[in-house]
Each structure stands twice: as structure tokens, then as C-alpha cells.
Q: 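Once you've had a glance at the structure underneath, I'll fire off some questions.
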Amino acid sequence: MSISREEIATTARLARIRLRDDEIDDVTSRIASILDMVDQMQAIDTSAVEPMSNSLDAAQVLRSDKVDEPGDKIAAREALMAGAPAQQDGLFLVPKVIE
Amino acid sequence: MNKAKAMSNNQALHQLSLCALREGLDSKQFSSRELTEYFLSRIDQHDGEYNSFITVTPEPALAAADAADRRIASGEQNALLGIPMAQKDIFCTQGVRTSCGSKMLDNFLPPYDATVVAQMQQAGAVTLGKTNMDEFAMGSSNETSFYGKVKNPWDTNTVPGGSSGGSAAAVAARLVPAATGTDTGGSIRQPAALCGITGLKPTYGRVSRYGMIAFASSLDQGGPMTRSAEDAALMLNAMAGHDPRDSTSAALSCPDFCDGLEQDIRDLRIGVPKEYFDDRLDSEMAGAVREALTELEKLGATLVDVELPNSALSVPAYYVIAPAEASSNLSRFDGVRYGYRCEDPQDLEDMYTRTRSEGFGDEVKRRILVGAYALSAGYYDAYYRKAQQVRRLIKDDFDRAFEKVDVIAGPTCPSPAFRFGEKQSDPVAMYLEDIYTIAVNLAGLPGMSVPAGMINNMPVGLQLIGKHFDEATILRVAHQYQRATDWHTRSPVE
């Protein structure tokens, strides 16, 4: 299952990663070699095997949807937002989306 | 300070184990402040050569040391109280930059501490700083860090391993008595092996992942990097435990990991997988590991041949699962809430794309692309689902082997430390560095690496793999081995 230059370009666009024209070929060949290695898996029949997403087969833990962190909520929000690239009045600022 | 600088029992302070440092602190041979100043000055003098730290924090460290001295004076007993440590720069530290080795987080000051950091601070450990690492823990050589490569203290022309290469180099060079690491496919064990120290990856779920920046969430696990198994047990006591803030944290009580270390290993059956001694293993490495196995036999353990028939598929399965989880985890780095944002974005799309393209390094981008591709429509079954099925086969292999044995032993990695640049042009060659460690993460088992020989003056690692939540038994084997051998006491520095 080799991968084409176009598939890499599409995947990069979906992942919001820009590849320069002069690096797409190199990235494609490196990823193709990774996928060739990965394709060794196709040699074995796994049709009867249940996929495993957690090595202990543990179920997701649930809790009730309520705030349980103690303390001043406004101060906590401000601390969390202190590192934002741009913010105002408790909101994250981004470039204008709607004209 | 002079007293501390001089010696303790005729041994330089930086060569003392955690136990010996504890004794020295409790018997007032030196204070935590003296110890902290001593190690800070070692970092200052020597780390220019190794680049093992990204951030050193002298002021908070000295304040923590003074607080520890007050606690010691009041009679408090705690194994890590007043002992200097380093945290891998993947663990969030409140108000102290946590970069994960990436330009993306070069300006990130976490608003909270990781659970591991909080627990170690409560125990009174003194954090000296944050150690260098491969960017977002993606690498086996520490060459992908935004902050430059880390050098192996045994030979500065060779890699320290990765991704916890900064922690491994710092402990090996005696810049700090112990450090934390994280291990997704071998990132504690492989650098421990290459730098000649002891590193333990606990069972998945044993140590909280809260505040540990995610790479591949179903595989990531934090653990201790120390100079001996006994030190690792002491440190694991402080790191482990159930954490309601991590939904995959195991709701089990932890034993005291130091209990039982002194028990002999005559009752133990140790499995030796033939697949771990294939032609990919360096022949001198094979010899050194076989010698270590013979030593375990001399100590009374019974060696048993076991089979792990699907182990060759662990690297392929890992390089679907880990990148897939990474592509999902790293989607949060979009320039909106924290971290890097590109200059003058034209619109939202431009901001996301340029932020990510400028903020991530090449290996991280490559893994995001592999992961996004493996998860994309039309390929999910062929890649992701298939990898999860192979993952179960790999775990079943271990389950079967552990019906016959208590511990599995073999090499940690195929060869000793390699030179910078040697594997950079070929990602697959680099990935094969982890052929003996990756299966352990896929199966969620505890594994450790202990120093077990030297090849051309470069360290060799013996890997010990245990049953789920049975860190105690591999620690016991490692400790008994270290009582009988002195490889773990070898030091690249005086």
C-alpha cells in the first residue's frame, strides 16, 4: 500500500500542516518507508481477533458532570487563560471568522 | 557547604545513592540546602557539555530545600525529603516553563502541577529543573529536541537515547541523584540502557498521567530513572498511586516497593524469549546479556525458554497506534489557548496551519501525518483496526508466557549508543531501536532496564519485564542482580 504525493498533500491539509513544494517528495518517501514497514502486519490473519484499545481491557471511568475543583472560579479561569496568545474579557481572541 | 562539597564517608556527594543521601540528611552530615547548592553548581559547571537540562530553577529549588530542612528538623521521616531531583520537561510544573522539547510550548507556563510533580513535592523532593527530551517524546536519540541534542556522558559523540535522554544523561553524569522519565515505546528503558543507569516503566495505569503532556495516551507511562533498583523503588513509592484526575489510573493500592527487595530470587522462573536474540541483536550485546542471565541463574533463578511469536509485529503495530493517538492528541496545538501562535495570521485557517507548521519539528509533523493517514476514511480498517488486533495478539503472547514464568528477561535495545546523525536519515532504522521495548507498552506491562555490562566502554542494558502490577518482582530481580554485580556503580565521571 504505497502512498502518493497527492495523498500526502491531502492528509497534510487535513492535519493543518503546510508542506513546502520542495519537501513533499522527501516527506512522501519517508512516510512510504514507514508504511511499508507497517504493512508487515497484513501478513497475518486477524479476522477472529477482537481489537484492543486498552492493555488492561479497562472500561472508561465515568463521574457526574459537576465542578469539583475548589476555589475561586474567576481566578482559576484567569490563571488558565494567562498564557493565551490573545484574550479579552475571559474570551480567546482569534482572527475574524464571519465577515 | 564546604563540609558537603568535601565528602560523605569518603565518597563524593554526587556518587551517593538516594539511601545514602537520606542517611546523610537525617544524621545532619549535610543539609538539603547544601545538597541542593552542590548539585546546582555541578549542573552549572558541567551541563554545558551534555545539554541535559532545558530549564534550571535555582531559586524555587533553594526555597524547597529550606522548607525540607525545616521538615527534617521537626523530625519528619520521608524517603525523598530534601533530596534533589529533576523532572522531564513533559511534566507540567506550575509557573515553570514546560516545553515538551518543542518550539510550540517554548513560552508555556502551566497553570498547575502534574500529579507526579505534586506528589514528589509533597514528599519533600527538591526539583532542580526540567530535563531535555525529544520533541513531544518522539524519538530514540534526543536529536529532535528544539533545544538541541543531549550528549551521552560516556562518549559525547554518541546519543544518550530518547526520548528521556536528558534525564538519563543528567543521572549518568551525576548532575542529579534521580529524575523522572516517561515511556511510550521505550523512552525510559532505552536511554537508561544507553547511559548506564536504571530505568523503570511501571504498569500502564500505575503512575498518573494527569499533567503529563500526552503523546500516545494508551501507551504513555511515567517512571523513575535512577542509579539503582533500590533508588527506583524509593522513587516509585512517591510517584505511583490512584489519581481520580486520570481516568485510566488504576484504582489499586500500591505496595511499599522497597519491601521484598532483599528476598533472594531462588523461587523465580525467568523466561528468555528466543525472539529477543535474533539476528538484529548485536553479537557482543547478545554475549553481555547472556552473561547477565547466567548471573541470575547463579543467584538461584530458573531460566526457561519462552516464545513471543508475534513480537516482530510490535514495531509495525506501534507505528500505527502511537502516531494515530498522537495526531489526535496534538490537534490541541492550534495557537488559540496557549503556546505558540504564528505572526500576523490572515484568517483562522492560516493561523492553525502556520502555527502548526512553524511550531512543530519534522519528526512530529511526520508522525502526525502517518497517524492522520492511518485514521482517514478508507484506511481505518487496514491500519488502525488491524494494529489494535495485532496489539491483542502481542498481549496474548505475554499472557501465555507468564503462565510459565514470573519475569521475562532479555536485551533492552539491539546495540550500545550510536553516533549522532547515524540513524537520522532513515526513520525506520531509528524506530527499530525500540524493537525489544515497544511490545511491553502495547501489552501495558511493567519493564525496566538495568546496567549489565560494557562494550567498548559503552553501557549495556538488561531488560526485565513483569506481570501487570508486579513491579515489585522485577525490582527484586534487579536489586539482587545489583547486589551481585557492580555495573550499576560504573560512572562516566569521577
Side-chain angles (χ1 to χ4, degrees), chain A residues 1 3 7-8 10-20 23 26-28 30-31 33-58 60-63 68-69 76 78-87 92-97, chain B residues 107-109 111 204-205 218 244 247-248 250 310 312-313 315-317 319-320 327 334-341 345-354 356-357 360 365-366 368-370 372-373 376 382-383 385-393 395 426-428 431 442-445 468:
Chain A
M1 237 184 290
I3 189 166
E7 284 175 298
I8 290 289
T10 304
T11 307
R13 195 167 59 248
L14 292 173
R16 300 293 183 266
I17 286 185
R18 182 167 297 161
L19 298 175
R20 294 186 317 273
E23 63 182 353
D26 180 53
V27 171
T28 304
R30 285 172 185 256
I31 290 181
S33 76
I34 296 168
L35 293 175
D36 282 348
M37 181 271 288
V38 159
D39 275 340
Q40 291 168 32
M41 289 190 307
Q42 310 302 339
I44 57 155
D45 178 13
T46 52
S47 51
V49 182
E50 186 67 20
M52 188 176 82
S53 58
N54 177 294
S55 52
L56 303 165
D57 281 320
Q60 181 60 45
V61 179
L62 300 175
R63 65 165 174 82
D68 56 6
E69 296 289 329
E78 281 172 4
L80 282 169
M81 294 189 71
Q87 55 155 316
F92 295 108
L93 298 186
V94 296
K96 201 168 177 180
V97 180
Chain B
N107 64 359
F108 177 53
L109 303 177
Y204 182 78
S218 80
S247 66
T248 59
N310 292 295
L313 295 178
V315 175
Y319 277 98
V320 171
S327 77
D334 57 7
V336 176
R337 289 152 301 166
Y338 49 84
Y340 179 75
R341 176 187 284 193
Q346 301 304 299
D347 55 32
L348 196 60
E349 175 93 24
D350 180 55
M351 185 188 82
Y352 291 151
T353 305
R354 278 204 292 128
R356 291 165 64 75
S357 305
F360 291 137
K365 288 182 201 170
R366 201 147 54 221
I368 290 173
L369 292 177
V370 169
Y373 181 73
S376 63
Y383 286 120
R385 189 181 156 83
K386 182 83 183 182
Q388 288 193 313
Q389 290 169 317
V390 170
R391 183 175 185 181
R392 183 173 299 281
L393 295 178
K395 177 181 175 278
D426 181 357
V428 173
Y431 296 172
L442 291 170
L445 300 166
H468 282 130

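Sequence lines set the chain letters: A, B, ... in the order given, protein chains first and strands last, and positions in each chain run from 1.
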Q: Quick check on B:Ser376 against chain A: is it the side chain, the backbone, both or neither that has a heavy atom closer than 4.5 Å?
A: neither
Q: For B:Ala250, which atoms come within 4.5 Å of any heavy atom of chain A: side chain, backbone, both, or neither?
A: neither
Q: Where on A:Ala12 is there a heavy atom nearer than 4.5 Å to chain B: the side chain, the backbone, both, or neither?
A: both
Q: Using 0.5 Å steps for rounding, measure from the CD1 atom of A:Ile31 to the OH atom of B:Tyr373.
A: 10.0 Å
Q: Counting heavy-atom pairs under 4.5 Å to chain A, which of B:Val336, B:Leu313, B:Leu393, B:Asn310 comes out on top?
A: B:Val336
Q: Highest number of heavy-atom pairs under 4.5 Å with chain B: which of A:Val61, A:Ile8, A:Val38?
A: A:Val38
Q: For B:Arg337 and A:Pro85, which heavy atoms make the closest approach, and how far apart are they?
A: C-CD, 3.9 Å
Q: Which answer fits A:Glu7, side chain, backbone, both or neither, if we ask what part of it has an atom under 4.5 Å from a heavy atom of chain B?
A: side chain
Q: Can you check whether A:Ala15's main-chain N or O pairs, donor with acceptor, with B:Arg356's side chain at less than 3.5 Å?
A: yes
Q: Of all of A:Leu56, A:Val27, A:Val97, which one pairs up most often with chain B through heavy atoms under 4.5 Å apart?
A: A:Leu56
Q: Below 4.5 Å, heavy-atom pairs only: which of B:Met351, B:His468, B:Arg366 has the largest tally toward chain A?
A: B:Arg366
Q: Any chance you could measure B:Ser327, atom OG, to A:Leu14, atom CG, to the nearest 0.5 Å?
A: 11.0 Å
Q: Determine yes or no for a side-chain-to-main-chain donor-acceptor pair under 3.5 angstrom, with B:Arg392 supplying the side chain and A:Glu50 the backbone.
A: yes
Q: Under 4.0 Å between a Lys/Arg side-chain N and an Asp/Glu carboxylate O for B:Lys386 and A:Asp39?
A: no
Q: Testing the basics here: between B:Arg391 and A:Ser53, what is the closest heavy-atom pair and its distance to 0.1 Å?
A: NH1-O, 3.4 Å
Q: Please find the pair of heavy atoms, one from A:Asn54 and one from B:Tyr204, that lie closest to each other, and give the distance.
A: ND2-CE2, 4.0 Å
Q: If you count heavy-atom pairs within less than 4.5 Å of chain B, which of A:Arg13, A:Glu23, A:Gln40 leads?
A: A:Gln40
Q: Find the distance between NZ (B:Lys365) and CZ (A:Arg18) and round it off to the nearest 0.5 Å.
A: 10.5 Å
Q: Chain A: which of B:Arg354, B:Arg385, B:Gln388 shares the most heavy-atom pairs with it under 4.5 Å?
A: B:Gln388
Q: Apply side-chain contact (heavy atoms from CB on, under 4.5 Å) to A:Arg16 and B:Asp334, showing your working.
A: CA-CA 9 Å; A:Arg16 300 293 183 266; B:Asp334 57 7; over 6 Å; no
Q: Can you tell me which portion of B:Leu442 sits under 4.5 Å from chain A's heavy atoms? Options are side chain, backbone, both or neither.
A: backbone
Q: Search all heavy atoms of B:Arg341 against all heavy atoms of A:Val94 and return the closest pair with its distance.
A: NH2-CG1, 4.1 Å
Q: Tell me, do A:Gln60 and B:Ser247 make a side-chain contact under 4.5 Å, heavy atoms counted?
A: yes
Q: Tell me, side chain or backbone of A:Asp57 under 4.5 Å from chain B's heavy atoms, or both, or neither?
A: side chain
Q: Check whether any side-chain heavy atom of A:Leu19 lies under 4.5 Å from a side-chain heavy atom of B:Leu369, and answer yes or no.
A: yes
Q: Can you give me the closest heavy-atom contact between B:Gly444 and A:Ser55, atom names plus distance?
A: CA-OG, 3.2 Å
Q: Mind checking the CZ-CG spacing from A:Arg30 to B:Asp426? Nearest 0.5 Å is all I need.
A: 8.5 Å
Q: Does B:Ala382 offer a backbone N or O that forms a donor-acceptor pair with the side chain of A:Gln42 under 3.5 Å?
A: yes
Q: Where do B:Pro111 and A:Leu80 come nearest, in terms of heavy atoms and distance?
A: CG-CD2, 3.5 Å
Q: Please classify the contact of B:Tyr319 with chain A as side chain, backbone, both or neither, using a heavy-atom distance under 4.5 Å.
A: both
Q: Could you tell me which portion of B:Ala443 (side chain, backbone, both or neither) has an atom closer than 4.5 angstrom to a non-hydrogen atom of chain A?
A: backbone
